[in-house]
Every structure is written in structure tokens, then in C-alpha cells.
Amino acid sequence: MITPRTLKGFRDYLPEAMIPRERLMQTARETFRSFGFAPIDTPALEYLEVLSGKGSDETDRQLYRFTDNGGRDVGMRFDLTVPLARFAAQHIAQLQTPFKRYHIAPVWRGENTQAGRYREFVQCDFDTIGTESVLADIEMVVVINALMSAIGLERFTIRINNRQVLSGLLEHLGLESHTVAILRSLDKLPKIGREKTAEEMVQAAGVTAEQADAVLELAQCTGSTDEVLAALERIADGNPTAATGIARLREIVTGAIAGGVPAERLQLDVSIARGLDYYTGVIVETFLDDLPSIGSVCSGGRYDNLAGLFTKQHLPGIGASLGLDRLLTALQQLELLPQVATPAPVMIALFDEQHRNDYLQMAYQLRRGGLGVELYSEPKKLGAQLKYAAEKGFDVAIVAGSDEWATGKVQVKDLKRKIAITTAYRHDAPGELIATINRVLEGAQLADEY
RNA sequence: GUGGGUGUAGCUCAGUUGGUUAGAGCGUCGGAUUGUGGUUCCGAAUGUCGAGGGUUCGAGUCCCUUCAUCCACCCCA
């Protein structure tokens, strides 16, 4: 016998897990499409050189790679952004710019697992390429807010930074060459605190204590966006790069607010750096206020030359990625996921098998009326059937025995509120029953959000 | 990749210094209740103690290896 098992970091999804998962994907799709992003897909496998070209040592280490049966060196994509760069370089002639696409698909990273971190997980990316307009930057923030709201979340914070602000300061301090090491240290600031971060910067990045202090002062500006912007201007001291970056941040924040994002969800935070070095402008991370420890659930930013490896054409872009599996882990920990094992809301009890064809006819009529309906398949005791319906998460059970069929009425049981409604029903006039069920479902939906 | 915790019934866990046939609660199934579900009562089933090897008269318990999972570092969705 072969032991049935799954690989480390790879998972099976039972209906209870898959139902909210599909719902989340559907919400993401609808949100992206409502902004005009169009779907694309790319292969899971790419030539190794395509994936490792831009990658750092870290991504190289996490890359699943092998030689295929034709002797080609191939790798499994570890994000959707590098495939997009290849895709754009390859097809740009047939695409109009700005090109807006969304891409919902699994990616693979051979790293160590943890809660909300898997080796196979789904990302929901949306990007706009071919424009440097600040409107695209603003739209990214607006989409993130719309997406999180559509999922049913209210308590989240979108942290915004602009690489140019820090670059400007580093330029001002004469530290451009240490940028990567400084960013790496800076990323630890929330975890290890200011003093240790300063120590590490001095040690790992080889800067002076004064320089480290200036960087940290910049990174620790807090308060309202106006306050932070004013403080940044003071510290950057007229450096042109930083000034450009700060002006851009101001435009993004005011634009996002005009675009419907509540101001309190936006927080300027110069300390967020993102490990990926391909970001060149604005950077965002999205944290759940009630579960910040899970990390960012939606991150992105501007990259002004991602396709440079694949084409001479200048292709600036901006976009972000929702971590579907991480978000689902978070929603589960916050107990915001319904425990439902059925995708259909209505179950018809097989109460009296003599009327089997009536039940089939009724199910047909209800489905034609737009309702998801399961007809119970065994003539078990009614109590057992109702128990099955309640535990599987159906909202409505239809009960009709010989008495009901004789009088032209059926019982609509509201399983969530435990009440029964008697409604007239005939196969050639199902309208009243459908209306009754819909009334119950509207109530049920209110009490049954994510 | 490095370091640490955990792994016993479907789930949450107990299992005393190694000692006969491995337990509890919840859940499941059957019945009380042959036309009405989340309560109550009665009854029942269920484990190669993650896997493999070793020490021992004897291992769920000790040792080694391995797999999975969680935590920290690293990195990130």
C-alpha cells in the first residue's frame, strides 16, 4: 500500500476550505474587472533563464527547478510579475498601452513553511504597464481598498512608501552604494526596535552612527499623512530626488482619498522597504489591524524597468498582489469564515419516495428560478435529512409529504432561524415558493458574511 | 537553509520513575422518537500511539533516522 500523503507546504482543499477560496477569487476577479483590468494566463513552467534572470540569490534558492524530458532547464514560476515581464516583452506589439491585466494563479516557492506561508499558494495580481502616470499609482491604492472592502474587511491599513524618498536621503548622505544593506536592516525596524536596527546598520551596512540615525529618523516619522509629509520634507533638506518622491506621495494620498479610500486607512511609512529590489517608486503593504503578525496580505509597487531583461523597449509598470492563501489563513484565525460545506443554499428532503418525480420536478423549477438546489438522495428518516441539511450549512430545507402534495402546499424551513413557512406550490406555478425562499435567503445572507 | 517545539481515535488532548487487553471529552453511528434538525437519555464502533530502525525480558514512554506541522532567524503573499 502507498501511504496517501502530500508534500511539505502543499495542501488538499476540502469543500469547507474551497468554498470561501473560490468566493474570494470571484470577488477579486469582479473587483479587477470593474477597474478595466483584463485577465491573462501564463504557463506554470518557464525556461529557467527567464525566471532566474532578474532573481536575487534568495529567489534562486527558492526556485523549483529541474530538467524536463527534452533536456531543457526549466523552473516553476515563483511569482506572477516576472512572467508578466516576459509576457509583455513578447506580446507588447499586439497590446495597447497602458496595458492593464489581472492574473490569478498558483506560484511555487521552495522555502520553509509557517502559518500562512506555503510552498504552493495563489496570488491575485493586478498590474498596469506602459505608463508612469501618478494616476496608475493612485489606482493601485484605490483597487486595494476596493478589493479588501469587497471581501468584507474594514479594519486594515495600507502602508505607503516611495523608494525615492529614501534614495534621496541616502544620496544626500552619500550612501547610495549601501542602499540594499540599509533597506535590509530597515525592514527589521518594527521587530527589533530602533537601537538594534541602528547597531545592525552600522555593522552590516558600514555606515556611521550619525548616518544610521538620520535614516532612522526618516523611517520613524509617524502621524497623519500631512504631518509625515512635513517631517519628511524637513529631514530630506531639499534633496531633489527626495522632494520628487515626497511630492508624488502627496499626490497619491490626496488622489486615493478622492478615489474613495478612507484617509485613516492610509499610512505613510518610510520604513517599509520590500525585499524585492525591482521596485523603484511607490511601495505599498496592506496589514490587517486585527492580525498584523500574519504579515502583508497585499503588497506591490512601481517598477520602472522590469522588462529590461527581455526587451529594449522601456516598459514601466505598477501593480500589487493579493496573497489569497495568506488572507484565507488570516480570515480563518479571525473566525471570519463561514463553516459551510455546500455551495447550494436549498435542500429538498426526499420525504416520501412515492413522490420522487415531484421532487425532481420541483428541483428543476427552483433551479430555473436561479436557485442552487440539492435533492437528498436517500429516503432516510426526515430527522436525519434535516440534520444533514443543517450541519452541511444549507440555508433552506423544503419539506413536502403526501399531505402537502394533496393540498398544494410545501414547508419552507429556515434552517438558520429554525422557523417554518408554509407556501403554496404547483409545478406550473413555482413563483410563490421561489419568492419565499429568496426572502429567507436575503435574511440568511445578512447573518452570514465572511 | 539554520535552530527549537509538537506528532496518541474524525477533533481537542490525558497517559504517573519504560510493566499485562491504550483512555477522556467532543464528534460519528444505532436506539428512545415508523411526519420534522442543533436539547436530553441509553447503547455501540473507532487507533498498525506519524513512519522506519535501535536499546530492553518488556517501548506510546528512552536513543537514532525520516516525514509532517508550528515557532524564531532568513525571506516573503
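So that the names make sense, note that chain A is the first sequence line, chain B the second, and so on, each numbered from 1. Worth knowing before you read on, the calculation uses all heavy atoms, side chains too, and leaves out hydrogens, waters and symmetry mates. Quantities reported herein were computed from a predicted structural model and do not represent experimental measurements.
A/Gln365 and A/Gln361 are linked by a side-chain donor-acceptor pair at a separation below 3.5 angstrom, with hydrogens and angles left out of the test. For the residue pair A/Arg248 and A/Gln164, no side-chain donor N or O sits within less than 3.5 Å of a side-chain acceptor on the partner. With 3.5 Å as the limit, one finds no donor-acceptor pair spanning the side chains of A/Thr31 and A/Ser34.
Salt bridge status for A/Lys413 with A/Asp395: absent, with no side-chain N to carboxylate O gap under 4.0 Å. Ion pairing between a basic and an acidic side chain is recognised when a charged N comes within 4.0 Å of a carboxylate O; A/Arg119 and A/Glu111 show no such pairing. Ionic pairing of A/Lys100 and A/Glu139 is present here: one or more N-O contacts between side-chain nitrogen and carboxylate oxygen are shorter than 4.0 angstrom.
Across all strands, A/Gly383 comes closer than 4.0 Å only to sugar-phosphate atoms, never to a base (heavy-atom distances). Among the atoms of the strands shown, base atoms are found under 4.0 Å from some heavy atom of A/Leu415. Among the heavy atoms of the strands lying under 4.0 Å from A/Asn112 is at least one base atom, whether or not backbone atoms are also near. Here A/Asp403 lies in heavy-atom contact (under 4.0 Å) with a base. Across all strands shown, A/Gly110 has no heavy atoms under 4.0 Å from either base or sugar-phosphate atoms. If you check every strand for non-hydrogen atoms under 4.0 Å, A/Glu120 touches nothing. In this structure, A/Ala390 reaches the bases: a heavy-atom distance under 4.0 Å links it to at least one base atom across the strands shown.
Taking atom C1' on both nucleotides, B/G30 is separated from B/U6 by 37 Å, rounded to a whole Å. Atom C1' of B/G7 sits at a distance of 13 Å from the matching atom of B/U66, rounded to the whole Å. A gap of 6 Å separates the C1' atoms of B/A59 and B/G18, to the nearest Å. Here, B/A45 and B/C26 have their C1' atoms 16 Å apart, quoted to the whole Å. Here the separation of B/C75 from B/G1, taken at their C1' atoms, is 11 Å to the nearest Å. Between B/U33 and B/G43, the distance separating the two C1' atoms is 16 Å to the nearest Å. Rounded to whole Å, the separation between the P atoms of B/G60 and B/G19 comes to 10 Å. Straight-line distance between the P atoms of B/G23 and B/C63: roughly 25 Å, to the nearest whole Å.
With values rounded to the nearest 0.5 angstrom, A/Leu291 atom CG is found 11.5 Å from A/Gln332 atom CD.
Put simply, NZ on A/Lys387 is 8 Å from P on B/G30, counting in whole angstrom units. Between A/Ile272 atom CD1 and B/A77 atom P the separation is 12 Å, expressed in whole Å. One interatomic measurement links the two molecules: NE2 of A/His103 to P of B/A77, which rounds to 16 Å at whole-angstrom precision. Residue A/Leu14 contributes atom CG, which lies 14 Å from atom C1' of B/C11 at whole-angstrom precision. In this entry the distance linking CD of A/Glu285 with P of B/C75 reads 13 Å, nearest Å. Counting to the nearest Å, the C1' atom of B/G35 and the CH2 atom of A/Trp405 are 15 Å from each other. Between A/Ile419 atom CD1 and B/G37 atom P there is a gap of 16 Å when expressed in whole angstrom units. Look at CG on A/Asp414: it is 15 Å from C1' on B/U36, rounded to the nearest Å.
In this model, the phosphate group of B/U69 is not approached by any side-chain N or O of A/Gln114 to a distance below 4.0 Å at OP1 or OP2.
Nearest-nucleotide positions on RNA chain B for A/Arg109 and A/Gln411 put A/Gln411 closer to the 5' end. A residue-by-residue look at A/Tyr388 and A/Phe10 shows that A/Tyr388 has its nearest nucleotide of RNA chain B further toward the 5' end.
When the nucleotides B/A77, B/C75, B/C29 are ranked by their closest atom to the side chain of A/Gln123, B/A77 comes out on top. When the nucleotides B/C70, B/A68, B/C75 are ranked by their closest atom to the side chain of A/Glu111, B/C75 comes out on top.
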Nucleotide-level pairing of RNA chain B, given in dot-bracket where Watson-Crick and G-U pairs need both distances under 3.5 Å and | marks other strands: (((((((..((((.....[...)))).(((((.......))))).....(((((..]....))))))))))))....
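Shown here are the ring pair (Phe, Tyr, Trp, His ring centres under 6.0 Å) partners of A/Phe156, two or more places apart in sequence or in another chain: there are none. Residues satisfying the salt bridge (charged side-chain N to carboxylate O under 4.0 Å, His left out) criterion with A/Arg29, sequence neighbours excluded, are absent altogether.
Counting atom types as modelled, A/Arg326 pairs a side-chain N or O with a base atom of B/C76 as donor and acceptor under 3.5 Å. One N or O donor and one acceptor, one from the side chain of A/Lys413 and one from the base of B/U36, sit under 3.5 Å apart. A donor-acceptor contact under 3.5 Å is formed by the side chain of A/Glu404 with the base of B/G35.
For the side chain to side chain contact (heavy atoms under 4.5 Å, CB included) test with A/Gln123, the passing option among A/Asp79, A/Leu322, A/Asp325 is A/Asp79; the others fail.
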